[in-house]
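Since the structure is predicted, the reported quantities are computational estimates derived from the model, not experimental observations. Note that ligands are numbered from 1 as they come in the structure, with each ligand's atoms numbered from 1 the same way.
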Amino acid sequence: MLTTVRARVAAGNEWVAAHPPPGPFPAGFWRSPIRGPWLTSVFGAILLVGIPVMFLTGLLSYLAYNPWLPGNDGRHASGVLTFIPFHWPASPSWGYRVTQGLHVTLGVVLVPVVLGKLWSVIPKLFTWPPAKSPAQAVERLSLFLLVGGAMLTFATGLLNIQYWYRFPGSFYVLHFYAAWIFVASAAAHVALKIPVMRAALRERRLRDELRTDLAHTEPEQHTPDGLVSARPAAPTISRRGALGLVGAGSLTALVMVGPQTVGGPVSRLGLLSPRGGYDTGDGPNDFQVNTTADEARITPALVGGLWRLEILGGANPVALDREDLLAMEQHEADLAIACVEGWSSGRQTWRGVRLRDLAALSGVDGPGSVYVESLQDGGAFGRGRLAGNQIRAGDSLLALQVNGAELSLDHGFPARIIVPNNPGVRNTKWVTRMTFEA
Ligand SMILES: Nc1nc2c(c(=O)[nH]1)N[C@H]1C(S)=C(S)[C@@H](COP(=O)(O)O)O[C@H]1N2
Ligand SMILES: [Mo]
């Protein structure tokens, strides 16, 4: 009885396997003769270096916001990693600019490689039957997580740096969790595939492939369930050509996006980045603006004679006007703003009052944190908490001037935060209240 059921199931499976649906499912549909373990492994090897760098710089970017401080991790409020007792340092001043510039630039540069890799394994998406065993079903499901996680991570990252927020929910949440799914499934994938990759890379030498032209391009050995086509077509591009195409794509991305991390006139070369490719002028305040005063609904009236800076939390709460602030000891610091989107303002000379002097003035000694609020209404921008080490750093300022001139309204007049090695968004503009906590 049981044996007849088994036999019937087996016969059924055989029938299904022999009758693939039309379209890309039948063996032999995918015919590129360069598709095979070698090309896939070359793309894989590049990603094996690139993805960990992206992941680490991404995690650093998360930690740079000091998520352990109350309110700083509000948008996903999950507490993931907030247990790490790590206070983001205030030096070197260029640290975040380098790590985040690398994160964003590499993210764009790797896009052609990811696409190349996906192209090289696309027949796997349409294997028939869908799964020959439960183990294979699990493996295919994990590939779904890998590809889905990768696409979501890259897509949200790219849309974010283009200011195109057409995704459901918060960028932060999507990008953060997609990256964890991507990296976890990539780690499993690597563990499974590393022997295949090493064998494939030993089979053919890169140097030889780069010398092989179209006429000499031959398919690799076909194996059942492998990547090599069962009936390869005549080549229309060599492996060298395919690698060159991907390389040219990556190089173009590097040249078009990389310059925005440098800031200043160099940014103008970055024609494909929204914060590059154009001239911001050459006055003392003419460097990249994120949110303009107009966009933040900051009117001249709000920042006029009635403006006060409230300093709370100490024994001696005060409300200072701009004259009061200018009468305090002024300090100068050369610092660049580095935005999470990968662009930088380049170094500017800021002048204003040290944050630690403001804490002392209001009667706080050894502040553990300060909550900074701006005149801007609502939203996540314009408020945030800085940690004690950031307050103590000698170059951490409430800036009143830049490059020898008054701050412009767009750069945060009457007063803005500027802290070395701080993600751009925490350098709050149009500051109106600072609440120190022990
Ligand atoms: N109040 C307020 N402060 C703000 C912002 C904002 O939108 N509102 N943008 C932040 C972001 S994301 C960056 S990168 C920097 C940019 O400063 P800049 O416009 O002077 O270049 O300001 C930060 N300070
Ligand atoms: Mo930013």
Side-chain angles (χ1 to χ4, degrees), residues 61-62 64-66 71-72 75 93-94 96-97 99-101 103-104 157 159-163 165 170-172 175 260-264 267 273-276 278-281 283-299 302-303 307 309 333-352 355 370-386 390 396-403 405-434:
S61 186
Y62 173 77
Y65 284 76
N66 278 331
N72 275 6
R75 271 195 281 177
S93 64
W94 41 261
Y96 187 70
R97 188 178 175 192
T99 61
Q100 194 58 14
H103 183 73
V104 170
L159 292 179
N160 184 61
I161 61 167
Q162 300 294 332
Y163 310 109
Y165 298 99
S170 146
F171 158 74
Y172 196 40
H175 194 65
Q260 66 169 356
T261 67
V262 178
S267 288
S273 41
R275 300 307 198 187
Y278 67 94
D279 193 351
T280 51
N285 271 282
D286 282 326
F287 53 94
Q288 196 56 253
V289 169
N290 181 42
T291 315
T292 62
D294 248 7
E295 286 162 348
R297 306 229 183 96
I298 304 295
T299 60
L302 280 173
V303 300
W307 175 84
L309 172 71
D334 280 349
L335 296 170
I337 291 173
C339 182
V340 66
E341 293 144 6
W343 59 268
S344 169
S345 66
R347 273 170 180 262
Q348 313 294 336
T349 303
W350 306 89
R351 189 177 166 81
L355 297 187
V370 61
Y371 186 60
V372 181
E373 292 166 90
S374 81
L375 293 164
Q376 191 178 348
D377 262 347
F381 286 119
R383 65 212 73 238
R385 201 177 288 274
L386 299 167
Q390 294 175 308
S396 293
L397 304 181
L398 183 73
L400 307 168
Q401 289 161 327
V402 66
N403 302 324
E406 295 298 325
L407 278 179
S408 67
L409 195 54
D410 283 341
H411 282 304
F413 181 90
R416 77 168 304 161
I417 299 287
I418 183 91
V419 166
N421 199 29
N422 200 20
V425 66
R426 292 274 185 264
N427 294 318
T428 306
K429 307 194 275 191
W430 314 294
V431 175
T432 186
R433 188 178 304 121
M434 299 173 66

Participant: Might you point out which heavy atoms bring N427 and R416 nearest each other, and give the distance in Å?
Facilitator: O-NH2, 3.0 Å
Participant: More than 12 heavy atoms of other residues, nucleotides or ligands under 6.0 Å from CH2 of W307: yes or no?
Facilitator: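 Yes, because the 6.0 Å sphere around CH2 of W307 holds more than 12 heavy atoms from other groups.
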Participant: Taking only residues two or more places apart in sequence or in another chain, which ones pass side chain to side chain donor-acceptor pair (under 3.5 Å) with N285?
Facilitator: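 Partners of N285 under the side chain to side chain donor-acceptor pair (under 3.5 Å) test: S408.
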Participant: Applying side-chain contact (heavy atoms from CB on, under 4.5 Å), name anything that partners N403, two or more places apart in sequence or on another chain.
Facilitator: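 Checked N403 against side-chain contact (heavy atoms from CB on, under 4.5 Å); matches are P284, F287, Q348, T349.
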Participant: When you look for protein heavy atoms under 4.0 Å from ligand 1, which residues do they belong to?
Facilitator: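 For ligand 1, the contacting residues are Q288, V289, N290, T291, I337, C339, W343, S374, Q376, F381, G382, H411, R416, G424, V425, N427, T428, K429, W430.
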Participant: Going by side chain to side chain donor-acceptor pair (under 3.5 Å), name the residues that satisfy it together with Q162, two or more places apart in sequence or in a different chain.
Facilitator: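 Q162: no side chain to side chain donor-acceptor pair (under 3.5 Å) contacts found.
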Participant: For the residue pair T432 and L309, establish whether any side-chain heavy-atom pair is separated by less than 4.5 Å.
Facilitator: no
